[in-house]
**Student:** 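The structure is given below, and queries will be raised subsequently.
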Amino acid sequence: MLANVNAEHSMNARLATAPFLILAAVLAMNADGQTSAQNENPYAAMAPVDQYLMNRDAEIALARSAAPESISRDAKVLVLGRHGYETASEGKNGFVCAVERSWMAPFDNREFWNPKIRGAICYNPAAARSVLPITLVRTEMALGGVSIADMPGRLKAAYARKPLPALEPAAMSFMMSKGAYLTDDGHHNVPHVMFYTPIIDGANWGADVPNSPIYLLPHGGAPEPVNIFIITARSWSDGTPVAAPHIGH
């Protein structure tokens, strides 16, 4: 994706299918340019909870790999338990690293219940306070047996009652882990950073225009009143360059 910026304007449409597991739709394009959504969905229902869980040490390592070690080594780390995220390590710098699961995808995403999804992410302090709570609420609903049909309404109600905090300025996150797994199809991963804003016109950021490296994830009527601007990276969190298969379409 990095090697052919001029050709990437079609990426905007593909991004519409993955507001929090960023780039999953891009990665889901197979060699024929067809999405696997045309096939029968093997993830029509939630799998047993055990399939979404990880070895604790492995999850801590994966979560920290979302950002450069200079940031993640002092970050708080959360791991997924049977009833929600739990603190595995306290932090010093205000960043919070975790591994998102499939239920952070759009509600109509065919991989919404894919137990293989592992979206390693590290939030900066502003995002930890105002974006991470969305992940915690979605996770609580998923593990609590709330249906996909009921989740959007519950999120809207949560914002209406104001138990979810307003988005803070300068909220951003890293998703630069080599070990992340965002989709079953195509290339499973790509390093990127994300910037969160209130719902605004992407032109304010120069997004989705010729030669711009910035892409706006279409909001698509999601319950969360948040825009996500995406910038792909040329290296993984450990500093190694992105291999050719991950560059371009």
Side-chain angles (χ1 to χ4, degrees), residues 1-12 14-15 18-29 54 57-78 89 91-100 104 116-128 131-132 135 170-197 205-217 228-249:
M1 290 174 213
L2 301 170
N4 189 4
V5 175
N6 288 334
E8 288 192 338
H9 301 295
S10 63
M11 185 166 80
N12 182 52
R14 299 176 195 175
L15 289 171
F20 286 93
L21 294 176
I22 303 302
L23 303 186
V26 175
L27 303 173
M29 298 301 290
M54 292 181 64
D57 290 340
E59 184 160 1
I60 292 171
L62 180 58
R64 288 197 188 279
S65 71
E69 192 266 344
S70 57
I71 295 169
S72 64
R73 68 187 174 202
D74 291 326
K76 181 177 182 178
V77 178
L78 304 180
S89 177
K92 303 175 184 177
N93 60 6
F95 283 75
V96 179
C97 300
V99 180
E100 291 183 341
M104 296 310 299
K116 297 190 291 294
I117 299 298
R118 299 289 185 268
I121 187 167
C122 201
Y123 300 95
N124 77 340
V131 179
L132 174 59
T135 298
M172 61 82 61
S173 63
F174 294 89
M175 292 190 80
M176 298 176 62
S177 173
K178 282 182 180 177
Y181 188 99
L182 304 185
T183 178
D184 282 352
D185 302 303
H187 298 306
H188 303 298
N189 192 15
V190 66
H192 55 283
V193 294
M194 300 180 291
F195 297 87
Y196 307 94
T197 76
W205 276 53
D208 304 317
V209 298
N211 299 315
S212 173
I214 303 173
Y215 304 93
L216 170 61
L217 190 72
I228 303 174
F229 289 91
I230 304 160
I231 302 177
T232 54
R234 293 183 178 272
S235 63
W236 301 101
S237 61
D238 63 3
T240 56
V242 178
H246 294 277
I247 300 175
H249 298 309

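Numbering starts at 1 and runs along the sequence shown.
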**Student:** Only counting residues at least two apart or in another chain, list the ones meeting salt bridge (Lys or Arg N to Asp or Glu O under 4.0 Å) with Asp74.
**Tutor:** none
**Student:** Please tell me if the side chains of Leu132 and Leu78 come closer than 4.5 Å, counting only heavy atoms from C-beta onward.
**Tutor:** yes
**Student:** I'd like to know if the side chain of Ser212 reaches the main chain of Gly206, judged simply by a donor and an acceptor atom lying under 3.5 Å from each other, with no hydrogens or angles considered.
**Tutor:**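 The answer is yes, because a donor-acceptor pair under 3.5 Å joins these two groups.
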**Student:** Within the distance-only criterion (no hydrogens, no angle test), does the side chain of Ser237 pair as donor or acceptor with the backbone N or O of Ser65 below 3.5 angstrom?
**Tutor:** yes
**Student:** With sequence neighbours excluded, what pairs up with Ala170 under the side chain to side chain contact (heavy atoms under 4.5 Å, CB included) test?
**Tutor:** none
**Student:** Compare every heavy atom of Val131 with every heavy atom of Ala171, then report the nearest pair and how far apart it is.
**Tutor:** CB-CG2, 4.3 Å
**Student:** Rounded at 0.5 Å granularity, tell me how far CD1 in Ile117 sits from OG1 in Thr183.
**Tutor:**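 Result: 6.0 Å between the selected atoms.
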**Student:** What distance do Ile60 atom CD1 and Cys97 atom SG have between them, rounded to the nearest 0.5 Å?
**Tutor:** 11.0 Å
**Student:** Do Trp236 and Ser177 touch side chain to side chain, with heavy atoms closer than 4.5 Å?
**Tutor:** no
**Student:** When you compare the side chain of Phe195 with that of Ile214, does any pair of heavy atoms fall below 4.5 Å?
**Tutor:**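 Not in contact.
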**Student:** Which heavy atom of Pro125 sits nearest a heavy atom of Asn93, and at what distance?
**Tutor:**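 In terms of heavy atoms, the two residues are closest at CG-O, 3.7 Å.
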**Student:** Side-chain contact, heavy-atom cut-off 4.5 Å: Met194 with Ile121?
**Tutor:** yes
**Student:** State the CE-CD1 distance between Met172 and Ile231, to the nearest 0.5 angstrom.
**Tutor:** 8.5 Å
**Student:** Which pair of heavy atoms, one from Lys116 and one from Tyr181, lies closest together, and at what distance?
**Tutor:** O-CD2, 3.5 Å
**Student:** Mind checking the CG-CE spacing from Leu182 to Met104? Nearest 0.5 Å is all I need.
**Tutor:** 13.0 Å
**Student:** Can you measure from CD1 (Ile228) to OG (Ser173) and round to the nearest 0.5 angstrom?
**Tutor:** 7.5 Å
**Student:** Write down the atom of Leu216, the atom of Ala207, and the distance for their closest heavy-atom approach.
**Tutor:**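 Nearest heavy atoms, Leu216 then Ala207: N-CB, 3.9 Å.
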**Student:** Is it true that a side-chain atom of Arg64 and a backbone atom of Ser72 form a donor plus acceptor pair closer than 3.5 Å?
**Tutor:** yes
**Student:** With rounding to the nearest 0.5 angstrom, report the OG1 to CE distance, Thr240 to Met176.
**Tutor:**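 If we round to the nearest 0.5 Å, Thr240:OG1 and Met176:CE are 9.0 Å apart.
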**Student:** Which heavy atom of Ala66 sits nearest a heavy atom of Cys122, and at what distance?
**Tutor:**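 So the minimum-distance heavy-atom pair works out to CB-N, 3.7 Å.
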**Student:** For the residue pair Phe229 and Trp205, categorise the inter-ring angle as parallel (less than 30°), tilted (30 to 60°) or perpendicular (more than 60°).
**Tutor:**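 The arrangement is parallel - the two ring planes meet at less than 30°.
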**Student:** Where do Ala180 and Leu62 come nearest, in terms of heavy atoms and distance?
**Tutor:** N-CD1, 4.1 Å
